[in-house]
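Here's the structure we're looking at; comments come further down.
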Amino acid sequence: MSISHLKISGIRNLQAVEFPPASRINIISGQNGSGKTSVLEAIHFLSSTRSFRTSELRHVLTQGQEAALVFSRVLAPGSTQPLPLGVERRLNGDVRVRFDGRSLDAAELASLLPVQVLYSGTFELLDGSPSIRRQFVDWGGFHADTQFIQLWRGFRRALKQRNSLLKYGKIDRFQMQVWDREFVAYGTQLTAHRRAYIDALVPQFERILKVLLGDVSIELKFYPGWDSKRSLEEVLLDQFEREAAQGFTLTGPQRADLRFRWDGVNAAERLSRGQKKLVVSALRLAQGQLYRLQSQRPCIYLIDDLPSELDEPHVRLFCQFLEQSHDQCFITCVDPDTLTEFWSPDTDLALFHLDAGHLTCRQR
Ligand SMILES: Nc1ncnc2c1ncn2[C@@H]1O[C@H](COP(=O)(O)OP(=O)(O)O)[C@@H](O)[C@H]1O
Ligand SMILES: [Mg+2]
């Protein structure tokens, strides 16, 4: 899907922002604090009912407002008939997602309008906690295979039950065996899906990294969460005494992670900030490209402050890559002149400017 019309109300400092995005490249410029990241936040909200900056709605809501509402018209690939999609969340907890006259649940919305976000917090994919990398892998798993969500939920349930048995001491052996079986069955399948996803992602990642950052080669490896030379069943048997003493499940798929190495060294320790930005960008772009390959549907890219940390040649390479991707992009920057010269005249491009929450269209 791509967005052909967007109307934002009740988000941060944005003042009745309404505009028709271009089908390909949208550049949104403005000074610090003008609301650029908030526009991307609003599109993310439309795609998932959530912000990427905070988990608390009250921070996203314009001060004094009770509700955030993003209304859009979206186009399926190849279609010329836009369909209405609206997402509203209220301070009292109500969430409403309406698409073409019916309500959608969270999973349906996630499949309808997948987005990839690149913003300052995305660096955490390299040097943040493993849970951020698991979310990244599981986003891919979720979109690659409809079975994935069942496996993920089944595994979470088994893990939660095991942990509560371990935590409250007096372990009922029979109950434990039941949850161990579920843990192993779901955990093994979940891991196979995660591994298959990363196997498919690696060639995309390497290809894009070569374009964006030719002289750096990063080895990306999946770690399943336990010593994979052994079965999950053996691992549970082996660690049971220690788990009983500590009161929670030790190793397993809940500890899965990704490892990035450059010349055999942890990449996060070696890369400069600009290089990190390009590596993380290559990962997110690879995820979007793989999504397109697997589902035949496009992803929307939200790229906050594209030029920051990058020199001109790398900004150019980044823009060239986006132009060739055929996907819809929303790109923000402080000075529009840093980004306007890289696009071919045939590319459907729109320029917008934000001034204290007011958005205006600019001539190309
Ligand atoms: N809940 C809120 N209500 C009203 N204004 C807000 C809220 N949260 C942030 N702001 C203001 O919104 C402005 C836009 O922030 P942001 O989108 O991060 O700007 P930019 O990305 O252009 O630098 C900032 O000036 C900030 O002070
Ligand atoms: Mg910003």
Check whether any side-chain N or O of [X] sits under 3.5 Å from a backbone N or O of [Y] as a donor-acceptor pair, and report yes or no.
X      : Y      : answer
Glu323 : Thr347 : no
Ser51  : Arg53  : yes
Asp100 : Leu83  : no
Asp172 : Gln175 : yes
Thr332 : Asp305 : yes

key: Donor on one side chain, acceptor on other, Asp355 and Ser34, under 3.5 Å   = no
Distance-only polar pair, side chains of Arg98 and Ser103, donor-acceptor under 3.5 Å: yes
Interatomic distance, CG@Leu85 vs CZ@Arg73, rounded to 0.5 Å, equals 11.5 Å
Distance col, row Asp105:CG vs Glu108:CD, nearest 0.5 angstrom, shows 4.0 Å
In short, Gly357 meets Val17 closest at the heavy-atom pair O-CG2, 3.5 Å
Tightest non-hydrogen contact, residues Ser2 and Ile300, listed as CA-CD1, 4.3 Å
Same apolar cluster: [X] and [Y], side chain cutoff 4.5 Å:
X      : Y      : answer
Phe123 : Leu271 : no
Val334 : Leu354 : no
Leu190 : Phe142 : yes

Result for side-chain contact (heavy atoms from CB on, under 4.5 Å) between His353 and one of Gln31, Lys36, Arg362 points to Arg362
Subject >> Phe183 and Phe155 aromatic ring geometry - parallel, tilted or perpendicular at 30°/60° bounds >> reply: tilted
Exercise. Charged N to carboxylate O below 4.0 Å: is that the case for Asp94 and Arg89?
Worked result: no
Do Glu243 and Arg162 sit within salt-bridge range, that is, some charged N less than 4.0 Å from a carboxylate O?
-> yes
Sequence neighbours excluded, the answer for side chain to side chain contact (heavy atoms under 4.5 Å, CB included) partners of Leu317 is His314, Gln320
Note to self: Does Glu341 have more than 12 heavy atoms from other residues, nucleotides or ligands lying within 6.0 Å of its CD?
What the structure shows: yes
Notebook entry, point to check: With a 6.0 Å cut-off on ring centres, are Phe330 and Tyr301 close enough?
Noted result: no
Residues passing the side chain to side chain donor-acceptor pair (under 3.5 Å) test with Gln116, sequence neighbours excluded, are Arg284, Gln287
Please table the atom pairs, donor to acceptor, closer than 3.5 Å between any side-chain atom in residues 204-215 and protein atoms at least two apart or in another chain.
{"residue": "Gln204", "atom": "OE1", "partner": "Arg207", "partner atom": "NH2", "Å": "2.8"}

